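From a predicted model like this one, the values you see are computed outputs, not experimental measurements. In what follows, chains are A, B, ... by sequence order, proteins preceding strands, each numbered from 1. The figures that follow rest on heavy atoms only: side chains count, while hydrogens, waters and symmetry mates do not.
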There are 2 protein chains.
Amino acid sequence: MSLLDVSLVIDIPPFRGIERENLAELLSWARSERVEKDRTIFSQGEEAHSFFLLLDGHVRVVKVTPDGDQVIARYISSGELFGIAQALGLGSYPANAVAAVDCVVLSWPGSLWTTITEKYPTFATNTYKTVGARLQDAQDRIVEMATERVEQRVANAVLKLANQTGKKTDEGILIDFPISRQDISEMTGTTLHTVSRLLSAWENEGLVKSRRKKITVIEGHKLAVIAAGNSDK
Amino acid sequence: MSLLDVSLVIDIPPFRGIERENLAELLSWARSERVEKDRTIFSQGEEAHSFFLLLDGHVRVVKVTPDGDQVIARYISSGELFGIAQALGLGSYPANAVAAVDCVVLSWPGSLWTTITEKYPTFATNTYKTVGARLQDAQDRIVEMATERVEQRVANAVLKLANQTGKKTDEGILIDFPISRQDISEMTGTTLHTVSRLLSAWENEGLVKSRRKKITVIEGHKLAVIAAGNSDK
DNA sequence: ATCCAGGTTTGCGTTTCGACAAATTTTGAA
DNA sequence: TTCAAAATTTGTCGAAACGCAAACCTGGAT
């Protein structure tokens with residue numbers, strides 16, 4: 001276990017409002033770990049032994065159905081908590097978490113959850129805000145799936161990824177981790193074929209530029225128009 | 001404000017584990033109210049002034065999209081908390097809540113949220129468990145919408161309603177509040193026409209029996225088979 | 001530099017389901 | 001009882017998107 005400098009984490013949302021010395025204690029309880037790309041951090045159904053904070057990288061949270069279909073629940077960006085089953089009173093993880101790139105992850109034993117939240121209510125409050133935001137997000141996605149067509153959903157997914165994790169380049173905004181057509185189809189409930197067709201079409205119109213596992217958003221506002229459902233008709 | 005007897009609520013999940021006298025205090029802070037069918041309890045976007053416990057009845061939680069489409073987020077049954085925006089750090093309600101039948105509702109001023117959770121951590125924990133369960137539920141619904149066909153989703157929705165709120169009758173299990181084809185379509189992301197066709201077909205096969213705003217599940221296991229996707233092929 | 005596996009594109013037939021339309025039934029109110 | 005509004009049923013048509021198949025890139029490994 002390596003010692004972490006408090007200054008590395010003092011700014012990130014889950015720890016906002018916690019005093020420096022308390023934060024030091026919190027960190028002393030954590031384990032820091034490098035996770036290489038494509039490694040599984042925890043698995044669906046596995047007993048929830050720990051909860052996590054992503055210090056660096058991107059993590060994909062994936063649900064697998066009984067007949068093997070995969071659905072991407074969300075991408076975690078650095079600074080976010082994940083695998084917080086204990087906060088929700090769950091005994092086991094409800095999804096797989098896989099490193100989308102090489103990552104650095106902090107983890108705490110789940111058994112500490114109660115201790116920590118009792119001692120640091122600010123942390124608890126922050127966490128529940130996160131949970132609230134995710135519930136919101138999930139509800140919004142349900143609405144989206146129920147009311148919007150595939151084209152809109154894919155446009156939306158690409159835009160969200162670009163906003164959440166995009167790096168500015170001279171061509172536009174590049175999603176800064178490798179993401180395949182398949183991945184996007186698993187975020188939007190469609191097939192990789194349909195996603196491929198859409199991206200090709202958009203590329204022809206100059207809205208995006210994409211290569212293998214790379215997507216750059218060029219005309220975000222036009223994508224937003226598509227996402228809103230005013231594609232042409 | 002009428003005084004409530006503690007024994008009326010001591011058994012319901014959100015209050016499990018709270019001592020009688022504390023519960024009395026909690027109740028003394030609440031307002032009890034009768035809400036008649038089709039009345040709106042709170043509206044999407046409205047400032048979250050209160051949080052609620054449904055003592056009796058059924059409440060429909062509905063999201064409305066910018067272009068007027070409605071999506072039913074969930075049905076609340078008696079004994080459940082709802083409108084708990086404060087628990088999630090939200091300033092306003094993210095959906096409408098409408099009484100599906102005549103209801104009895106307890107409400108607390110949102111400003112008491114912090115006080116209450118600090119004084120009664122058990123209540124807080126219970127609440128977060130609820131939130132966790134709902135997040136789970138939402139995620140599952142996303143997976144369902146992403147991977148299953150309309151027929152499966154509708155079968156699932158009917159089954160869930162029957163399990164959650166069904167009353168045993170001599171014909172089968174009757175969903176015990178009025179629910180239209182339109183409602184079911186708004187739970188499953190389809191149209192009332194498609195729902196109508198499905199219910200008609202199932203009625204012909206003897207799986208369900210339905211009248212205007214009434215559905216009785218007769219052969220639940222067969223419905224479950226459809227929900228699992230083994231309809232025929 | 002070459003090769004190969006995984007990722008992507010594209011075509012085509014098929015299915016599912018939504019859109020529109022119209023008839024019919026049901027229920028509650030006058 | 002009669003009537004009107006709301007809910008439901010049913011038919012037809014067409015579009016959206018999936019499944020399957022095959023070809024084609026592309027970039028990393030050797």
Side-chain angles (χ1 to χ4, degrees), chain A residues 36-38 60 67-71 100-102 144-155 157-158 175 177-205 208-216 226 229 231-233, chain B residues 36-38 65 67-71 100-102 144-155 157-158 175 177-205 208-216 226 229 231-233:
Chain A
E36 66 186 24
K37 183 170 185 296
D38 294 332
R60 187 171 51 238
D67 31 72
D69 290 321
Q70 304 212 337
V71 177
V101 295
D102 290 344
E144 190 185 38
M145 300 272 297
T147 61
E148 295 178 5
R149 283 172 308 114
V150 169
E151 185 183 31
Q152 301 173 249
R153 304 204 301 266
V154 173
V158 171
I175 294 172
F177 56 86
I179 185 163
S180 68
R181 313 290 185 256
Q182 175 78 37
D183 290 333
I184 294 186
S185 75
E186 290 174 4
M187 298 178 68
T188 52
T190 179
T191 62
L192 79 161
H193 308 278
T194 298
V195 172
S196 177
R197 281 177 235 272
L198 288 170
L199 286 179
S200 297
W202 294 341
E203 178 135 21
N204 287 336
E205 295 164 24
V208 302
K209 189 160 190 309
S210 68
R211 299 228 213 309
R212 161 186 270 227
K213 293 216 171 198
K214 276 188 175 19
I215 300 177
T216 305
I226 292 176
S231 48
D232 41 4
K233 49 162 188 184
Chain B
E36 67 186 23
K37 183 171 185 299
D38 292 332
T65 67
D67 31 72
D69 289 321
Q70 304 212 337
V71 176
V101 295
D102 290 344
E144 191 185 38
M145 300 272 297
T147 62
E148 294 178 5
R149 283 172 307 112
V150 168
E151 185 183 30
Q152 300 173 250
R153 303 204 303 266
V154 173
V158 171
I175 294 171
F177 55 87
I179 185 163
S180 68
R181 311 290 186 258
Q182 175 77 37
D183 291 333
I184 293 185
S185 74
E186 291 175 1
M187 298 179 68
T188 52
T190 181
T191 62
L192 79 161
H193 307 280
T194 298
V195 173
S196 176
R197 280 178 234 273
L198 287 170
L199 286 178
S200 296
W202 294 340
E203 178 134 22
N204 287 336
E205 296 164 22
V208 302
K209 190 160 192 307
S210 69
R211 299 229 212 306
R212 165 187 265 227
K213 294 217 170 196
K214 276 188 172 23
I215 300 177
T216 304
I226 293 176
S231 49
D232 42 1
K233 48 166 185 189

**Message:** OP1 or OP2 of D/dT9 versus the side-chain N and O atoms of B/Ser196: is any pair under 4.0 Å?
**Reply:** yes
**Asked** Below 4.0 angstrom from OP1 or OP2 of C/dT9, is there any side-chain N or O of A/Arg181?
**Response** yes
**Prompt:** B/Leu192 has an atom CG; how far is it from atom C1' of C/dC17, in whole Å?
**Reply:** 13 Å
**Message:** Looking at A/His193 and C/dT8, is any side-chain donor or acceptor paired with a base atom of the opposite kind under 3.5 Å?
**Reply:** no
**Prompt:** Would one find a side-chain N or O of B/Ser200 under 4.0 angstrom from OP1 or OP2 of D/dT10?
**Reply:** yes
**Item:** Atom pair distance, as rounded to whole Å: NZ in B/Lys214 and C1' in D/dA6
**Value:** 15 Å
**Fill in**
Rounded to whole Å, the CD-C1' distance (B/Glu203 to D/dT9) equals 12 Å
**Nucleotide of D/dA6, C/dA19, D/dC18 approaching B/Thr191 most closely (side-chain heavy atoms)** = C/dA19
**Message:** Rounding to an integer number of Å, can you tell me how far A/Gln182 CD sits from C/dT9 P?
**Reply:** 13 Å
**Prompt:** Touch check for A/Leu199, heavy atoms < 4.0 angstrom, all strands: base, sugar-phosphate only, or nothing?
**Reply:** nothing
**Request:** Could you state the atom-to-atom distance from CG of B/Leu198 to P of D/dT10 in whole Å?
**Result:** 12 Å
**Item:** Residue-phosphate contact under 4.0 Å: A/Thr190 side-chain N/O, D/dA17 OP1/OP2
**Value:** no
**Prompt:** With respect to the side chain of B/Arg197, which nucleotide from D/dG11, C/dG11, C/dC17 is positioned closest?
**Reply:** D/dG11
**Fill in**
Note: for A/Arg211 and B/Asn204 on DNA chain D, the residue whose nearest nucleotide lies more 5' is B/Asn204
**Message:** It should be established whether B/Ser180 places a side-chain nitrogen or oxygen under 4.0 Å from OP1 or OP2 of nucleotide D/dA6.
**Reply:** no
**Request:** Answer with yes or no whether A/Arg149 presents, from its side chain, a donor or acceptor under 3.5 Å of a partner atom in the base of D/dA17.
**Result:** no
**Message:** Is A/Thr194 close enough to D/dA17 that one of its side-chain N or O atoms is under 4.0 Å from OP1 or OP2 there?
**Reply:** no
**Item:** B/Trp202 backbone acceptor or donor facing B/Glu205 side chain under 3.5 Å
**Value:** no
**Asked** Atom CD1 of A/Ile215 to atom P of C/dG7: distance rounded to whole Å?
**Response** 14 Å
**Asked** Where the side chain of B/Arg153 meets the backbone of B/Thr188, is there a donor-acceptor pair that is under 3.5 Å apart?
**Response** yes
**Side-chain (B/Glu151) to main-chain (B/Ile226) donor-acceptor, under 3.5 angstrom** = no
**A/Ser210 backbone acceptor or donor facing A/Glu203 side chain under 3.5 Å** = yes
**Message:** Taking A/Lys37's backbone N and O only, do any of them form a donor-acceptor pair with A/Asp102's side chain (distance below 3.5 Å, no angle check)?
**Reply:** yes
**Message:** Need to verify one output field. Residue with the more 5' nearest nucleotide on DNA chain C, A/Arg212 or A/Val195?
**Reply:** A/Arg212
